[in-house]
2 protein chains.
Amino acid sequence: MVQRQFAPAAPPAKRPRGRPRKTAGERDEGNRRPALIRAAARLFRRKGFAATTTRDIAAAAGMQSGSPFYHFKSKASLLAAVMEEGMRAALARQALALPGNADPASALRRLIRSHFDTLHAPGADFVPVMLYEWRSLNARQRTAIASLQREYEAAWVGPLEALAANGRLRAPVPIARLLIFGALNWSVQWFDPRRSASLDDVTDAAMELFIHPELP
Amino acid sequence: MVQRQFAPAAPPAKRPRGRPRKTAGERDEGNRRPALIRAAARLFRRKGFAATTTRDIAAAAGMQSGSPFYHFKSKASLLAAVMEEGMRAALARQALALPGNADPASALRRLIRSHFDTLHAPGADFVPVMLYEWRSLNARQRTAIASLQREYEAAWVGPLEALAANGRLRAPVPIARLLIFGALNWSVQWFDPRRSASLDDVTDAAMELFIHPELP
DNA sequence: CCTACCGATCGGTAGG
DNA sequence: CCTACCGATCGGTAGG
């Protein structure tokens, strides 16, 4: 939403016929934008926002140094686009992971597993960038992305409160939610898919750590 | 240790007598170095390493733009000094928090509370900088600080293993330790001393979340 | 520790 | 989307 004003307008029609495979009047329009976002996400994650140059990003997307600014008003707006794309993908993944009829414990397990996928699936640099570059956004950009985050977090409250009511989660839910997200998000610092523990293993460990056994 | 080569050598003895209050032959030597480290820590935390300029740091320490390089070989070596100072303070605090005779649960509680102090005490920017700017260090700098981190983390293993043996911690200790550190470290993103929950409240919540009730 | 400075780089833009 | 470029800034250094 915050990026609307940068949506690709109709490009200058220099070759009106386009390339053979394209419908007449429709060109590659805007297809380079996702490539820029992907390249930026990877570089922002590896080197950080401030240490990444727009020239790095352009080169990774196969462009010349000034070309990113045809698609994005500024470097910061590229960062915001990365984060928005990350949150949209995370919300979509979360919706798929949550069937309506799950009991609270298995709902929480699915949320955790889905969250780990969002953080660690191959090429999933978008949300980690959001977690580490929040301060590089201006106030307006933060507002837009914060509302996506609230939506994402809202799905966790129901299962957590149900588990608290059952006595299987003993900490106050608001603080517990923050601590749990911290435990999961911090995995971007240490999780290595080539090591022994898999994401399923880590999900099991998280459930064992946070959720107490059911009382008979 | 990694910073040894930058320790202030005897400064050029331009005013051999020094100022009145000083012993002859001893000047302010090196007293500006801590001020630089403090200023750098605050700025690195607020704006990030790459977005902070050495001019910012110099100004915050009341110096001219080139002067930090009299005390530190490079901007990165200033970052390493910030992190080392943070780990030394954290280790000292941890040692004070741990009496030898505590049971595992209260030992863990003290470790958690001490860790929160290290992260959130007024002016405690050093360790948060370490948590967020690890990638800005080169390999040699990482090695030096990693050994301090290992020492710090080692103190947690005993209590955690004892609690696992008692059935009060159900997840595998190595993964549990990573998840717990994540939950605590993430608090730098959300903890606000002016809000309702105090560090004692958050410590209580963390213990309730991770440690299951003692079986009678 | 200051003064004066350098070489390199960076985000962004005009014009096509 | 490329070419050519600008103004500003940055880490770092020489010399005192």
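Just the heavy atoms: all of them, side chains too, but no hydrogens, waters or symmetry mates, feed the values below. Quick note on labels: first sequence line is chain A, next is B, and so on, each numbered from 1. Treat the numbers as computed from the prediction; the structure is a model and nothing was measured.
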Without hydrogens or angle criteria, can the side chains of B:D117 and B:S114 be said to hold a donor-acceptor pair below 3.5 Å? no

Nearest-neighbour nucleotide for the B:M63 side chain, D:dC1, C:dG11, C:dC2 considered: C:dC2

Starting at atom NZ of B:K75, determine the distance to atom P of D:dT13, rounded to an integer number of angstrom. 15 Å

Checking all strands, does A:S67 fall into the base, sugar-phosphate, or nothing category for heavy-atom contacts under 4.0 angstrom? base

Whole angstroms only, please: what is the CG-P distance between B:L36 and D:dG11? 14 Å

Nearest whole Å is fine: how far is C:dC1 P from B:F72 CZ? 11 Å

When you check the phosphate oxygens OP1 and OP2 of C:dT3, does a side-chain N or O of B:Q64 lie under 4.0 Å from one of them? yes

Answer with yes or no whether the side chains of A:R93 and A:T118 bring together a donor and an acceptor at under 3.5 Å. yes

5'-most contact on DNA chain C (nearest-nucleotide basis), A:D56 vs A:G66, goes to A:D56

Between the side chains of B:T53 and B:D56, does any donor sit under 3.5 Å from an acceptor? yes

Mind calculating the distance between NZ (A:K73) and C1' (C:dG12) to the nearest angstrom? 12 Å

Between C:dG12, D:dG11, C:dG11, which one does the side chain of B:T53 approach most closely? D:dG11

What does D:dA8 pair with, Watson-Crick or G-U, if both distances are under 3.5 Å? C:dT9

Any strand: nucleotide that pairs with D:dG16 via Watson-Crick or wobble, under 3.5 Å: C:dC1

Would you say B:Q189 and B:Y132 are linked by a side-chain donor-acceptor pair, where the criterion is simply a distance under 3.5 Å? yes

Pair B:F181-A:W190, ring pair (Phe, Tyr, Trp, His ring centres under 6.0 Å): steps then yes or no: CA-CA 11 Å; B:F181 268 115; A:W190 56 264; over 10 Å; no

Of all the choices, C:dC1, D:dC1, D:dT13, which nucleotide is nearest to the side chain of B:H71 once you look at every atom? C:dC1

Grab the OH-P distance between A:Y70 and C:dA14 for me, whole Å please. 16 Å

Between A:K47 (NZ) and C:dT9 (P), how many Å, whole number? 12 Å

Below 4.0 angstrom from OP1 or OP2 of D:dT9, is there any side-chain N or O of B:R55? no

